[in-house]
Amino acid sequence: MFLLLNVLAVLTGVYLLLFGSNTSDTSTSRLLLGGAIFLLVFPLCVPGVVYARRWFHHTVHSSFQLRGSGFILVDDDDLELHKRLVSRETSYNNLNGSSLSNDEVCEYRSSSQKLCNKEEDGARCCEKMMEKDQLVMLGEEHPAHVLVGRLDFWLYYIAYFCGGTIGLVYSNNLGQIAQSLGHSSNTTLLLTLYSSFSFFGRLLSAAPDYVRAKIYFARTGWLTIALLPTPVAFFLLAALSNSTEALRVGTALIGLSSGFIFAAAVSVTSELFGPNSVGVNHNILITNIPIGSLIYGVLAAVIYDGNVGRGLKLMFSDSVVCMGRDCYFLTFVWWGCLSVVGLVCSLLLFIRTKHAYDAFERNRALVEPQRNWSSNSIA
């Protein structure tokens with residue numbers, strides 16, 4: 001059912017992207033509007049789908065069913081599993097009343113302590129630095145005062161600050177950017193591209209849970225991949241800012257990357273720092289949005305004002321508009337370099353947390369057959 005709703009959302013987004021700004025005769029406009037209304041209202045049929053679940057499962061859903069494991073710590077089963085697995089070195093002798101067997105405990109203990117038993121020598125200083133204060137496992141609760149003392153959180157914070165936030169600031173300045181580059185007539189199209197691809201990026205954030213059965217990858221790794229289009233887009237804009245096609249492609253890439261990060265960040269926060277504290281922890285994380293908006297906005301304004309001598313004075317106004325490639329060239333270069341910093345921090349976060357995701361997956365593989373056996377026995 002969730003897959004069906006995602007397919008419907010993609011179709012709606014594509015329809016609105018292709019036909020939403022289509023200017024044509026009245027009859028065609030009414031027809032397109034009717035189609036949009038139908039696609040937007042159609043999800044109200046979900047209650048009917050719920051009642052037809054048995055038929056849907058046997059005829060359609062079985063062909064899409066994936067038997068791989070997914071770990072979103074807001075699911076009831078995953079929370080139950082999380083309670084059985086969450087523990088640290090100080091509580092290995094008594095796993096909070098968990099019903100895990102001794103073999104499972106030993107397996108988890110050995111998998112969690114592998115990094116602690118590695119040889120230490122001078123040639124591995126970088127590796128030892130990467131291993132310092134790593135997360136032991138996913139889902140461990142981090143109160144706010146503990147959260148701000150973790151290196152992993154600050155890597156995550158900088159990755160978001162130099163990734164999703166930069167994309168948001170770009171969208172806020174998109175109108176002025178288009179005006180300065182001489183593309184004022186394309187402002188509406190650029191805003192449509194950004195918002196549409198941001199929407200598609202949010203939908204794509206659920207893709208890792210669908211492909212996990214065949215392609216297992218830590219969610220922090222997907223976050224790194226999602227950050228990659230941002231520096232590419234900014235350097236493309238810096239190099240080819242006079243090109244309308246480059247401006248459109250760059251805007252679409254930034255929207256896609258930002259949308260993915262905004263949607264995936266909640267799950268990443270929950271998995272890394274605990275599901276029960278996700279509300280407070282995520283609010284701490286997104287403090288980077290107003291800070292970034294201020295810093296990146298001031299940076300763009302300083303560069304813009306520095307080139308204002310080459311601008312054109314508007315009639316009936318004292319304001320001056322900077323026109324030309326130089327108005328945002330250095331801004332794009334700076335934003336591109338900062339997004340590279342975010343990409344590097346995201347990569348470091350992935351390297352530091354990969355073992356925790358792997359340990360969770362191994363332990364889930366041990367517990368999942370027992371859960372299925374118990375369910376079948378009860379049935």
Side-chain angles (χ1 to χ4, degrees), residues 71-74 78-79 82-83 85-92 95-96 108-109 111-118 120 124-165 217-227 261-292 295 338-339 341-363:
F71 40 95
I72 302 176
L73 296 179
V74 295
D78 289 338
L79 277 176
H82 162 71
K83 292 177 181 178
L85 294 179
V86 171
S87 62
R88 300 204 68 171
E89 297 176 359
T90 56
S91 59
Y92 280 149
L95 293 177
N96 297 325
Y108 175 74
R109 184 180 302 172
S111 64
S112 298
Q113 292 181 344
K114 283 181 180 179
L115 294 174
C116 299
N117 297 328
K118 289 182 178 180
E120 296 184 357
R124 298 172 57 199
C125 292
C126 181
E127 183 177 354
K128 287 187 289 184
M129 183 179 299
M130 289 300 300
E131 294 175 0
K132 182 180 179 181
D133 194 32
Q134 283 182 305
L135 292 172
V136 176
M137 65 181 301
L138 296 182
E140 183 181 4
E141 295 298 332
H142 286 69
H145 67 278
V146 176
L147 180 77
V148 297
R150 297 301 298 260
L151 176 60
D152 292 313
F153 170 75
W154 290 110
L155 289 174
Y156 182 34
Y157 191 95
I158 296 173
Y160 197 113
F161 180 79
C162 297
T165 300
F217 205 44
R219 199 180 297 275
T220 49
W222 290 110
L223 190 69
T224 302
I225 295 174
L227 283 168
I261 295 168
F262 293 150
V266 179
S267 297
V268 174
T269 304
S270 174
E271 290 171 356
L272 295 183
F273 307 115
N276 296 332
S277 307
V278 66
V280 174
N281 292 344
H282 194 68
N283 281 330
I284 295 175
L285 171 70
I286 61 176
T287 56
N288 71 80
I289 293 179
I291 297 174
I295 294 176
L338 288 170
S339 61
V341 174
L343 179 64
V344 172
C345 288
S346 179
L347 180 61
L348 293 177
L349 178 66
F350 165 63
I351 295 173
R352 287 176 55 85
T353 58
K354 184 177 181 297
H355 76 284
Y357 278 92
D358 291 342
F360 189 95
E361 185 71 10
R362 284 194 298 269
N363 283 277

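Here Phe350 pairs with Phe217 under the ring-ring contact (aromatic ring centres under 6.0 Å, His included) rule; sequence neighbours left out. Annotation: side-chain hydrogen bond (donor to acceptor under 3.5 Å, both in side chains) contacts of Thr269 (sequence neighbours excluded): Tyr156, His282. Judged as a side-chain hydrogen bond (donor to acceptor under 3.5 Å, both in side chains), and not counting sequence neighbours, the contacts of Asp358 are Tyr216, Lys354.
Here the shortest heavy-atom pairing between Glu141 and Asn276 reads OE2-N, 3.0 Å. The shortest heavy-atom contact between Leu347 and Thr224 is N-OG1, 3.7 Å. Closest approach of Leu227 to Ser346, counting heavy atoms only: CD1-CB, 3.3 Å. Closest of all the heavy-atom pairs between Phe153 and Val148 is CD2-CA, 4.3 Å. Cys345 and Ala159 get closest at one heavy-atom pair: CB-N, 4.2 Å. When every heavy atom of Asp152 is checked against every heavy atom of Leu349, the shortest pair comes out as O-CD1, 3.5 Å.
Without hydrogens or angle criteria, Ser277 side chain to Pro143 main chain gives no donor-acceptor distance under 3.5 Å. Side chain of Asn281 to backbone of His142: a donor-acceptor contact under 3.5 angstrom is found.
Interatomic distance, CZ of Phe161 versus OG1 of Thr287, reported as 9.5 Å (0.5 Å rounding). In this structure, CD1 on Ile225 lies 10.5 Å from CG on Leu343, to the nearest 0.5 angstrom. Rounding to the nearest 0.5 Å places SG of Cys162 at 10.5 Å from OH of Tyr157. Glu271 contributes atom CD, which lies 8.5 Å from atom OG1 of Thr220 (distance to the nearest 0.5 angstrom).
Between Leu272 and Arg150 the shortest side-chain heavy-atom distance does not fall below 4.5 Å. Residues Phe273 and Val146 form no side-chain contact, since every pair of their non-hydrogen atoms from C-beta on lies 4.5 Å or further apart.
None of Leu338, Asn288, Ile261, Ile295 except one satisfies the side chain to side chain contact (heavy atoms under 4.5 Å, CB included) rule with Thr165; the exception is Asn288. Screening Val280, Ile286, Leu285 against Asn283 for a side chain to side chain contact (heavy atoms under 4.5 Å, CB included) leaves a single residue, Ile286.
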